[in-house]
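Every chain is numbered from 1, with letters handed out A, B, ... down the list of sequences.
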Amino acid sequence: MAKIQAIKGFADLFADESRLFTFLEQSARTVFFRYGFTELRTPLMEYTDLFCRSIGTETDVVQKEMYTFNDSKGRSMSLRPEATAGVMRAYVENNVGAKESVSKFFTAGPMFRHERPQKGRMRQFHQINCECIGPKEPEADAEMISMLMYFLNYIGIKNITLQLNSLGCPNCRPAYREKLQNWLKSLDTSVLCEDCRRRMETNPLRVLDCKNPSCKEATKDAPLMLDHTCDECAGHFQTVKNCLDSQNIHYEINHRLVRGLDYYTRTAFEVVSDNIGAQGSIAGGGRYDGLVESIGGSSVPGIGFACGMERLALLLQAPEAPKADFYIAVLDDACREYGFKAAQMLRHGELCGTMGFESRSIKSAMRQADKSGAKYAVLIGSSELEQHNLMIKNMENGTQEAVPFDRAVSFIKEGK
RNA sequence: GCGGAAGUAGCUCAGUUGGCAGAGCACCUGGUUGUGGCCCAGGUGGCCGUGGGUUCAAGUCCCAUCUUUCGCCCCA
């Protein structure tokens, strides 16, 4: 029989990784609760149209990377490639905006994109996601960015850079876009890569984001969004910077930071690490003032970010595994049932541990107990069975004692 | 979607010019009465990714394919 394998880009997370992911989620809860966020779990699957309307049909995510298929009634559905769209759908559908003027949600879970897997990029990957829906004020942007940096510091991420840019708004971006496009057309376009020659027409801002050295060089004197923002956008951006400065949060202005999803407006930010390989971006987000409207809600501004858990995991070590309190070893088959009862008794006494089901020689049993890492070995042979005792051995100092069955819990807990 | 690299024991990897399938670690069993780690001895464990081809003979050469991995693109 051929072995069944996991789907490419879909990973199993065993103890160490699983513990690390749990730590990340718990830390997120702790930090985000301090900022007034509540947890929202949205479905893994949505109608495809939701993603088309929120993320944008011109993006790579929607065009080439979604897991899309029809249900039995022929409706197109997709596994979520990111979290924001689903959160916004839930917000609009449940009319949350009518109940509160500011909503703060965080969510953590798997996302799906059909890309070529590589370091820090899986097809099923996991994000921690925060959305603050309602406020248009720049302090909300600053709070969101500050919270992200707080969180990253809280979990122990170091050597990262916060990059900041403003993408303008519907009042000023179209004019800038046109100016940039004309400027690009005036270049000798043969120095641009094939993709950029196409992007020039479809999405000129993306040309600035190209990593091709020749494109970077060619566009180094390109007109900048920040020089073409309207007064409102400029003031907004200035306040965001002031707030970050007041918190000693260091940032770099990155004029090439454009973001890949169409819904972003004004503030855009990204946190980059340079020691996890090519996929260096560990978190990114921005303001999305037109998003709620684009999926059929009222005109409500918002800002959010997503943080890639696999990429955080590359930068962190798993927390140490907790030590078991006991390991029960039985020395012959007649003792197995008594061993089972002992294990249950200890667990009901709030102790953690396992029983080696197979009876073994004393030497082998001790090797198993040692390997388990438990603090105490509990040995059960014929004499323990007869006298209704448990032989309990402290694995650290080697001392041991025959303890009456009923006193084993307190013996282990109090060491006597 | 496009490139590069790699698939041999549970893990990390050797394997020469084509000539008996290997090491270290791990695992198991012992080292004299019911006691772990260190040490010693022995042992289990392999369709050499898969399918074709060349050859007296293929882990080794050729073709295909799958998988993993690092990049590109894109993104978190």
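Nucleotide B:G71 forms a Watson-Crick or G-U wobble pair with B:C2, both donor-acceptor distances falling under 3.5 Å. B:U17 is unpaired under the Watson-Crick or G-U wobble criterion, no partner having all donor-acceptor distances under 3.5 Å.
Of the candidate nucleotides B:G36, B:U29, B:C72, B:U29 has the atom lying nearest to any side-chain atom of A:S364. Nearest to the side chain of A:R113, among B:C28, B:C73, B:C75, sits B:C75. Relative to the side chain of A:E115, the nucleotides B:U29, B:G71, B:A76 differ in distance, and B:A76 lies closest. The side chain of A:R206 lies closest to B:C75, out of B:C75, B:U35, B:A76. For A:R311, the side-chain atoms get nearest to B:A76 when compared with the rest of B:A76, B:C28, B:G30. Among B:A76, B:G37, B:G1, the nucleotide with an atom closest to any side-chain atom of A:S281 is B:A76. With B:G36, B:G34, B:G3 as the choices, the nucleotide that has an atom nearest any side-chain atom of A:S382 turns out to be B:G34. Comparing B:U29, B:G34, B:C70 against the side chain of A:Q118 picks out B:C70 as the nearest. Across B:U29, B:C73, B:G34, the shortest atom-to-atom separation from the side chain of A:D60 is found for B:C73. For A:M391, the listed nucleotide lying nearest its side chain is B:G34; candidates were B:C28, B:A76, B:G34.
Nucleotides B:A14 and B:A6, compared at atom C1', are 15 Å apart to the nearest Å.
Within the 4.0 angstrom heavy-atom criterion, no nucleotide atom of any strand lies near A:Q63. Nucleic acid contact for A:G120: base, since at least one base atom lies under 4.0 Å from a heavy atom of the residue. At a threshold of 4.0 angstrom between heavy atoms, the contacts of A:F125 include nucleobase atoms, whether or not backbone atoms are also involved. Nucleic acid contact for A:L379: base, since at least one base atom lies under 4.0 Å from a heavy atom of the residue. Contacts of A:M309 with the nucleic acid, taken as non-hydrogen atoms under 4.0 Å apart, are absent. The residue A:A306 sits close only to the backbone: its heavy atoms come under 4.0 Å of sugar-phosphate atoms, none of a base. Looking at heavy-atom distances under 4.0 Å, A:Q400 makes contact with a base. Note on A:K371: only backbone sugar-phosphate atoms sit closer than 4.0 angstrom, heavy atoms only; bases stay farther off.
When the nearest nucleotides of RNA chain B are assigned to A:Q368 and A:S383 by heavy-atom distance, the more 5′-ward of the two goes with A:Q368.
Side-chain atoms of A:T84 and A:E131 form a donor-acceptor pair, as typed in the model, at a separation below 3.5 Å.
Between A:K136 and A:D289, no side-chain nitrogen of the basic residue sits less than 4.0 Å from a carboxylate oxygen of the acidic one, so the salt-bridge criterion is not met.
Residues A:Y251 and A:D245 have side chains in contact (heavy-atom distance under 4.5 Å, counting atoms from C-beta outward).
Checked by distance alone, A:K363 brings no side-chain donor or acceptor within 3.5 Å of a matching partner on the base of B:U35.
Across A:R256 and A:K216, no two heavy atoms sit closer than the pair NH2-O, 2.9 Å.
Formation of a donor-acceptor pair under 3.5 Å by the A:T48 side chain with backbone atoms of A:M77 is found in this model.
Within the 6.0 Å centre-distance limit, the rings of A:F32 and A:F106 are counted as a close aromatic pair.
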